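Everything numeric in this text was worked out from a predicted model, so none of it was measured. Residue numbers start at 1 and run along the sequence shown.
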Amino acid sequence: MLTSKMRAELRGQANELETTLMVGKEGVTAAVIEEANTQLTARELVKGKVLETALMTAREASDAICQATGADGVQTVGSKFVIYRKSEQKAKQAAKKQPQKKKAPNPVRKGVQKRRKQAKQAREKRNNYFKHAAIEAAIARRRGTSDKD
C-alpha cells in the first residue's frame with residue numbers, strides 16, 4: 001500500500017515516462033498482464049494507456065492489471081494510468097551499488113574546520129566577557145555606585 005507522499009513522488013516520476021503498456025479493444029488479456037509483469041520487474045513504474053476502442057475505462061483496466069500483478073495503482077488521468085510494484089531485481093542492483101570505500105579524510109578541510117572551531121570558541125569567550133561586564137555595570141548603576149569611585 002502506498003502512502004500519499006510516495007504516491008505523489010511516483011506521480012512526479014511518471015510525468016517523464018513514455019507510455020509503454022497498451023490495452024486494446026479486447027481489454028486486459030493474459031498477454032497484457034504478462035507484459036505488465038515484465039515491465040514492472042524491469043522498471044517498477046509503468047505508464048499505460050487504454051485505447052478508445054476498448055470497452056473499459058482506464059481505472060477499470062488499471063485495477064484489473066494491479067489485481068493480477070500485485071501492483072499498486074498510482075494515478076489515472078483520462079485514458080492513461082500509472083502502476084507501481086517494488087522490484088526485487090532493482091533492489092538487488094541498488095544493494096550492489098551501495099558498498100563504496102570511504103574516502104580518506106582531506107587534511108586541508110580538517111585544518112579549516114579546526115581553525116573555524118577555534119575562531120568560534122574565541123568569539124564565544126569574548127561575547128561572554130562583554131556580556132558579564134555589561135551585567136556587572138548594570139548592577140553597579142542600580143546600586144548607585146560606579147566603577148570609577
* Asked: Just wondering, do Leu17 and Val46 contact through their side chains at under 4.5 Å, heavy atoms?
  -> no
* Flag the pair Thr20 / Glu35 as yes when at least one side-chain heavy-atom distance between them is below 4.5 Å, and no otherwise. => no
Closest approach of [X] to [Y] (non-hydrogen atoms, all atoms of both residues):
X: Ile33; Y: Ala68; value: CD1-CB, 3.6 Å
X: Arg7; Y: Leu2; value: NH2-O, 3.5 Å
X: Gly73; Y: Ser62; value: CA-OG, 4.3 Å
X: Val32; Y: Gly27; value: CG2-O, 4.1 Å
X: Gly48; Y: Thr19; value: C-CG2, 3.7 Å
X: Leu40; Y: Ser87; value: O-CB, 3.8 Å

About how many Å separate [atom2] of [Y] and [atom1] of [X], when rounded to the nearest 0.5 Å?
X: Tyr84; Y: Gln13; atom1: OH; atom2: CD; result: 8.5 Å
X: Glu9; Y: Leu45; atom1: CD; atom2: CG; result: 10.5 Å
X: Leu21; Y: Gln39; atom1: CG; atom2: CD; result: 5.5 Å
X: Gln75; Y: Lys47; atom1: CD; atom2: NZ; result: 7.5 Å
X: Asn127; Y: Lys120; atom1: CG; atom2: NZ; result: 12.0 Å
X: Glu26; Y: Leu51; atom1: CD; atom2: CG; result: 11.5 Å

* Asked: Is the backbone of Thr69 close enough, under 3.5 Å, to the side chain of Arg85 for a donor and an acceptor to pair up by distance?
  -> yes
* So, Arg11 side chain and Val82 main chain: donor-acceptor pair closer than 3.5 Å or not? -> no
* Determine, step by step, whether Val74 and Phe81 satisfy the side-chain contact (heavy atoms from CB on, under 4.5 Å) criterion, reporting the C-alpha distance in whole Å, the side-chain angles of both residues, the deciding distance to 0.1 Å, and the verdict. => CA-CA 8 Å; Val74 175; Phe81 60 91; over 6 Å; no
* Asked: Got a sec: does the CD of Glu124 have more than 12 other heavy atoms crowding it under 6.0 Å?
  -> yes
* **Identified side-chain contact (heavy atoms from CB on, under 4.5 Å) partner of Lys117 from the options Arg115, Gln113, Gln121** => Gln121
